[in-house]
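Order of listing sets the numbers, starting from 1, for every ligand and every atom in it. Side chains are part of it too, since the values below use all heavy atoms of this structure and drop only hydrogens, waters and symmetry mates.
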Amino acid sequence: MSQQVEDVGRIIDGKAFAAALRARVAGQVTKLKEAHGITPGLAVVLVGENPASQVYVRNKNKQTAEAGMNSFEHRPPDTISEADLVALVEELNRDPKVNGILVQLPLPDQVSSHAVIGSIDPAKDVDGFHVTNAGLLAVGGQGMVPCTPLGCMMLIKDVLGDDLSGQRALVLGRSNIVGKPMAHLLLAENCTVTIAHSRTRDLPEECRRADILVAAVGRPEMVKGDWVKPGATVIDVGINRIETDDGKTKLVGDVDFEAARQRAGAITPVPGGVGPMTIACLLLNTLTAACRQHGVAVPEPDG
Ligand code: GUN
């Protein structure tokens with residue numbers, strides 16, 4: 001059987017890839033401690049009691065500790081003022097034990113997320129959301145890259161190899177967190193990039209041209225099977241909870257997985273695809289940030 005045929009419909013195991021990445025980062029953290037006495041530290045700020053955010057933050061803290069890093073949690077009430085939240089961020093900016101700062105979004109209405117993200121020291125902005133880091137990504141400088149697009153790029157390269165030159169890539173969604181940074185990463189790899197969104201004309205046809213299709217719109221199963229170019233690599237960033245016929249709920253992506261899988265060369269499932277990569281990349285960014293702040297090289301991974 002040729003490689004081409006074997007690859008058809010491959011399901012990309014993001015869960016396993018993320019576990020391997022976390023293990024690699026944990027090994028690098030051990031080396032950093034041994035060689036330089038540095039333990040990377042990540043501060044997570046969770047405002048209020050949003051249940052979904054609480055789950056994310058619990059997972060982040062657990063995985064940070066498992067990677068051998070220090071984890072600092074701050075949980076101000078959802079009545080906090082913008083000035084007080086900015087003051088907390090500035091305190092974390094000054095704390096040498098804190099190498100990475102993540103302020104969990106969304107924030108309550110009285111707080112401007114722009115103002116809060118803008119107050120994070122760009123060198124500690126492990127989410128890569130600060131305008132300085134967004135700008136560095138756009139102009140090709142060395143900043144912090146947002147975790148979800150970084151994880152998507154690793155999965156794409158795992159399928160297609162490191163050379164993505166000339167591939168047609170379509171990014172569905174234009175958010176600052178995923179769509180725009182994803183487009184910049186693909187462009188930096190010499191892909192021909194289209195950003196599609198709710199106003200795009202003839203979206204199915206645009207999608208059918210894509211060798212790499214990244215869906216990040218937050219609309220359950222919007223991308224149909226016949227929107228997928230045969231053999232394409234499909235990366236589904238969506239995590240949507242929908243009700244099933246029996247009154248229960250389940251998670252689905254932005255892509256109709258079963259139908260798209262019939263045509264895709266490789267495709268991420270939901271759950272177990274892109275999702276686990278986000279925290280793994282957060283740990284990687286925290287390691288990178290700690291090394292840069294101390295002026296030391298990131299230790300070579302084992303293997
Ligand atoms: N809320 C949902 N996803 C994210 C994320 O990646 N980072 C932050 N800070 N908040 C989020």
Side-chain angles (χ1 to χ4, degrees), residues 14 18 21-22 41-64 71-76 78 80 82 85-86 88-89 92-93 98-109 111-134 137 143-155 171 173-182 184-185 214-219 235-241 251 253-254 270-271 273-286 288-289:
L21 177 56
R22 291 198 304 273
L42 172 66
V44 175
V45 180
L46 171 58
V47 179
E49 309 283 335
N50 180 320
S53 295
Q54 285 176 336
V55 174
Y56 286 137
V57 169
R58 205 178 311 131
N59 284 333
K60 280 171 191 166
N61 288 342
K62 179 167 170 279
Q63 294 183 20
T64 306
S71 160
F72 308 99
E73 193 176 327
H74 295 266
R75 307 221 15 197
D78 65 2
I80 192 171
E82 184 177 300
L85 191 52
V86 167
L88 170 59
V89 169
L92 298 172
N93 285 342
V98 172
N99 305 111
I101 301 170
L102 181 145
V103 179
Q104 186 69 29
L105 303 177
L107 290 169
D109 291 345
V111 177
S112 153
S113 49
H114 269 298
V116 174
I117 291 167
S119 69
I120 299 172
D121 177 348
K124 295 190 176 185
D125 170 36
V126 283
D127 259 329
F129 294 167
H130 192 285
V131 288
T132 295
N133 285 316
L137 183 59
M144 301 301 310
V145 176
C147 304
T148 301
L150 183 58
C152 291
M153 182 53 87
M154 288 180 187
L155 296 180
V171 180
R174 52 177 157 176
S175 71
N176 291 333
I177 293 178
V178 182
K180 286 180 204 163
M182 188 75 241
H184 281 301
L185 285 176
V214 181
V217 274
R219 285 164 151 262
I235 305 293
D236 190 349
V237 182
I239 301 178
N240 310 290
R241 188 167 286 285
L251 290 182
D254 292 347
V270 176
V274 172
M277 291 299 291
T278 300
I279 298 182
C281 288
L282 176 68
L283 302 179
L284 179 63
N285 277 353
T286 304
T288 304

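For ligand 1, the 4.0 Å heavy-atom shell takes in L102, V103, Q104, L105, D127, F129, ordered by chain and residue number.
Side-chain atoms of D125 do not come within 3.5 Å of backbone N or O of I120 as any donor-acceptor pair. Between the side chain of K180 and the main chain of A134, no donor-acceptor pair closer than 3.5 Å is present. No donor-acceptor pair closer than 3.5 Å links the side chain of N285 to the backbone N or O of P146.
Under the side chain to side chain contact (heavy atoms under 4.5 Å, CB included) criterion, P108 pairs with V47, D78, Q110, V111, not counting sequence neighbours.
Distance check: T286 OG1 to I101 CD1 gives 10.5 Å after rounding to the nearest 0.5 Å.
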Kindly determine whether S112 and H114 satisfy side-chain hydrogen bond (donor to acceptor under 3.5 Å, both in side chains), including the steps that lead there. CA-CA 5 Å; S112 153; H114 269 298; over 6 Å; no

